Peer 1: 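Next up is a structure, given as structure tokens.
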2 protein chains.
Amino acid sequence: MATRKTDGSPDDAAAGQPAGGRRRRDAAATREALLQAARDRFMRLGYDRTTLRDVAADAGVNLALIKRYFDSKEGLFKAALAGTPRFLGGEFPQDRAALAEALSHQLSAGAWPEFGEHPVLLLLRVSGDERVDSLRRQALQDFSRRVLEASGAGRDDDERLLRAELLVALGVGIAVVRSTVGLQPLGDATSDDLIGPLRDVVDSLLG
Amino acid sequence: MATRKTDGSPDDAAAGQPAGGRRRRDAAATREALLQAARDRFMRLGYDRTTLRDVAADAGVNLALIKRYFDSKEGLFKAALAGTPRFLGGEFPQDRAALAEALSHQLSAGAWPEFGEHPVLLLLRVSGDERVDSLRRQALQDFSRRVLEASGAGRDDDERLLRAELLVALGVGIAVVRSTVGLQPLGDATSDDLIGPLRDVVDSLLG
DNA sequence: GAACCATGTCAACGAGTGATTACTTGGCGA
DNA sequence: TCGCCAAGTAATCACTCGTTGACATGGTTC
């Protein structure tokens with residue numbers, strides 16, 4: 001279904017090759033176009049429902065080039081994972097107010113326009129391959145660890161650890177609920193809508 | 001892969017036929033065994049990675065019987081969905097303390113032993129078929145609506161609605177995080193571990 | 001015991017998938 | 001201009017999946 005465009009239609013715009021005159025043989029641009037298409041598909045559909053033919057079609061590129069640049073579907077998935085930006089930016093907020101503020105922005109509708117959905121969803125998709133899945137788990141645990149650190153919880157404080165993880169779970173849940181059910185008003189909530197409740201939650205969990 | 005057991009090995013124990021002497025031709029038991037195996041697979045692996053051959057093998061039943069009893073994979077999925085028990089029991093708790101109490105039990109590790117994972121996960125799996133997915137969405141929205149009612153929010157109060165939905169998101173997030181990442185200590189948290197933090201969250205969101 | 005039908009078995013199909021190979025083409029350096 | 005190699009193409013293979021129809025068999029009814 002959707003829009004198959006195996007024809008040479010010039011909508012490989014995603015490539016990002018700067019010059020106006022688009023070249024035809026550009027390995028870097030091809031690779032990038034594939035990556036972007038792959039991230040989009042993997043995030044929206046998950047690993048299994050994403051077919052390499054569709055990714056190649058989205059990127060306006062021949063199927064066999066996926067093997068050339070990423071070797072396999074698994075390789076493509078790994079590369080897509082690796083390109084996922086760090087959540088909550090480079091530095092984590094260091095106090096509760098800033099944390100709530102950051103969360104309300106990161107979790108608002110329409111954040112991550114270049115991803116369509118919240119990139120954390122990429123980390124939830126089961127690939128079926130244990131090597132890939134462990135990579136996935138590792139990334140999500142790293143994320144949690146940073147939230148823990150930001151919350152000021154020591155490694156030894158089990159209760160505070162649990163509370164920080166509940167905050168992570170809330171973020172994951174928001175992204176999941178929004179992507180799978182159009183639950184309103186949460187689905188379209190802006191950062192202004194979220195900041196109040198999130199501040200309350202952060203305070204009650206980590207206060 | 002896995003354990004194919006097309007032979008007549010007597011591990012159709014799941015069937016639940018009461019008498020000790022297991023009968024060989026028992027439509028109801030066969031149907032139930034298929035349902036149970038299907039729920040398990042769908043919940044752990046999602047719709048796509050669940051193959052009918054594996055479900056049939058788990059149930060110790062011939063593949064073609066799925067068509068007989070459920071007509072198609074979609075039919076099997078629908079039946080599995082329909083059998084999902086209502087979350088939070090028959091009556092919703094009507095005050096915040098009771099709600100926190102109920103949530104801590106429903107979301108504790110090892111609840112739902114007959115499902116393995118929290119059944120809400122079944123509602124998050126995309127099937128790819130729009131008719132099935134709308135069923136799925138409907139079920140999850142019904143669930144949210146009941147939480148809203150329990151929270152005492154009126155339909156007109158958008159902020160309270162949002163706050164109740166955040167509570168739903170938290171529950172979903174806990175189930176998802178636990179199923180996809182073994183995040184500790186959340187992964188093994190008991191209802192005793194959860195009750196404190198959850199009480200705080202419920203109060204801060206709906207208080 | 002015979003007829004009959006629900007239950008269960010078997011083997012195969014067609015579609016779609018990831019993977020792979022042999023081939024063609026474009027563009028750059030000498 | 002001419003090789004040469006990276007970039008891109010087309011075709012196909014091997015395999016798994018859901019689905020299907022023809023067939024076997026048990027057990028109930030008369």
Side-chain angles (χ1 to χ4, degrees), chain A residues 1-2 4-10 12 15 17 19 21-34 37-38 41-42 45-57 59-79 127-129 132, chain B residues 1-2 4-10 12 15 17 19 21-34 37-38 41-42 45-80 127-129 132:
Chain A
M1 42 213 75
R4 281 288 196 113
K5 37 189 172 186
T6 317
D7 55 312
S9 63
D12 40 358
Q17 199 59 24
R22 40 184 273 280
R23 333 184 175 167
R24 307 251 305 271
R25 295 169 78 100
D26 186 331
T30 299
R31 225 189 100 99
E32 193 51 42
L34 279 173
R41 291 266 173 188
F42 281 137
L45 306 175
Y47 190 85
D48 297 286
R49 298 194 57 79
T50 294
T51 74
L52 297 186
R53 280 169 176 80
D54 283 342
V55 170
V61 146
N62 190 281
L63 166 65
L65 291 181
I66 293 180
K67 177 183 172 60
R68 181 182 299 283
Y69 292 118
F70 303 99
D71 190 57
S72 66
K73 186 179 189 178
E74 180 186 321
L76 181 61
F77 186 71
K78 277 183 185 169
S127 78
D129 184 291
V132 180
Chain B
M1 46 213 77
R4 280 288 197 114
K5 37 189 172 184
T6 316
D7 57 310
S9 64
D12 38 0
Q17 200 58 25
R22 43 181 272 279
R23 334 183 174 167
R24 306 252 303 272
R25 295 170 78 100
D26 186 332
T30 299
R31 226 190 98 100
E32 194 51 41
L34 280 173
R41 291 264 173 190
F42 281 137
L45 305 174
Y47 190 85
D48 296 287
R49 297 195 56 80
T50 294
T51 76
L52 297 186
R53 281 170 176 80
D54 283 342
V55 170
D58 283 356
V61 147
N62 190 281
L63 166 64
L65 291 180
I66 293 180
K67 176 185 172 58
R68 181 182 299 285
Y69 291 117
F70 302 99
D71 189 59
S72 64
K73 186 178 189 178
E74 179 187 322
L76 181 62
F77 186 71
K78 277 183 186 169
S127 78
D129 185 289
V132 179

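Predicted, not measured: the structure shown is a model, and the values here were computed from it. Quick note on labels: first sequence line is chain A, next is B, and so on, each numbered from 1.
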Peer 1: Nearest whole angstrom, please: distance from the P of D:dA11 to the CZ of A:Arg53.
Peer 2: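 Computing the A:Arg53:CZ to D:dA11:P distance gives 13 Å.
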Peer 1: Once you round it to whole Å, what is the distance between P of C:dG18 and OH of A:Tyr69?
Peer 2: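 Atom OH in A:Tyr69 sits about 20 Å away from atom P in C:dG18.
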Peer 1: Could you tell me whether the side chain of A:Tyr47 reaches within less than 4.5 Å of the side chain of A:Lys73, counting heavy atoms only?
Peer 2: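 Heavy-atom side-chain distance check passes, below 4.5 Å.
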Peer 1: Nearest-Å distance, CZ (B:Arg41) to P (D:dG18)?
Peer 2: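 Rounding to the nearest Å, CZ of B:Arg41 and P of D:dG18 are 11 Å apart.
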Peer 1: When you check the phosphate oxygens OP1 and OP2 of D:dT19, does a side-chain N or O of B:Lys67 lie under 4.0 Å from one of them?
Peer 2: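 No, no such contact exists.
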Peer 1: Take the protein atom CG of A:Asp26 and the nucleotide atom C1' of C:dG27, then report the distance between them rounded to whole Å.
Peer 2: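 Rounded to whole Å, this separation is 13 Å.
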Peer 1: With sugar-phosphate meaning primed atoms plus P, OP1 and OP2, does A:Leu65 contact a base, only sugar-phosphate, or nothing at under 4.0 Å between heavy atoms?
Peer 2: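 Base contact - A:Leu65 has a heavy atom under 4.0 Å of at least one base atom.
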Peer 1: Between A:Leu76 and A:Leu34, which heavy-atom pair has the shortest distance, and what is it?
Peer 2: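 Here A:Leu76 and A:Leu34 meet closest at CD1-O, 4.5 Å.
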Peer 1: Under 3.5 Å, is there any donor-acceptor pair linking the side chain of B:Arg25 to the base of D:dT25?
Peer 2: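 For B:Arg25, whose side chain was compared with the base of D:dT25, there is a donor-acceptor pair (under 3.5 Å).
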Peer 1: For the base of C:dG8, is there a side-chain donor-acceptor partner from B:Arg68 under 3.5 Å away?
Peer 2: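 Present.
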Peer 1: With respect to the phosphate group of C:dT7, does any side-chain polar atom (N or O) of B:Thr30 fall under 4.0 Å of OP1 or OP2?
Peer 2: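 No, B:Thr30 has no side-chain N/O under 4.0 Å of OP1/OP2 on C:dT7.
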Peer 1: Starting from P on D:dA24, measure out to CG on B:Asn62 and report it in whole angstrom.
Peer 2: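 My rounded result for the distance is 15 Å.
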Peer 1: Rounded to whole Å, how long is the line connecting atom CG of A:Leu76 with atom C1' of C:dT17?
Peer 2: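 That distance rounds to 15 Å.
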Peer 1: For B:Ile66, which contact category applies under a 4.0 Å heavy-atom criterion: base, sugar-phosphate, or nothing?
Peer 2: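 Contact class for B:Ile66: none.
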Peer 1: Have a look at A:Ala64 and say if it touches a base, only the backbone sugar-phosphate, or nothing, with a 4.0 Å heavy-atom cut-off.
Peer 2: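 Base contact.
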Peer 1: For the residue pair A:Val55 and A:Phe42, establish whether any side-chain heavy-atom pair is separated by less than 4.5 Å.
Peer 2: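 Answer no - side chains too far apart.
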Peer 1: Which of these passes side-chain hydrogen bond (donor to acceptor under 3.5 Å, both in side chains) with B:Arg41: B:Asp58, B:Thr50, B:Thr51?
Peer 2: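 Per the side-chain hydrogen bond (donor to acceptor under 3.5 Å, both in side chains) rule, the option paired with B:Arg41 is B:Asp58, out of B:Asp58, B:Thr50, B:Thr51.
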Peer 1: Please report the distance, rounded to the nearest Å, between CG in A:Leu63 and P in D:dG8.
Peer 2: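 From A:Leu63 CG to D:dG8 P: 14 Å.
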Peer 1: Are B:Lys78 and B:Phe70 close enough that some pair of their side-chain heavy atoms sits under 4.5 Å apart?
Peer 2: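 B:Lys78 does not reach B:Phe70 side chain to side chain.
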Peer 1: Tell me: CG of B:Leu34 to C1' of C:dG8, nearest whole Å?
Peer 2: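 Nearest whole value for this atom pair: 12 Å.
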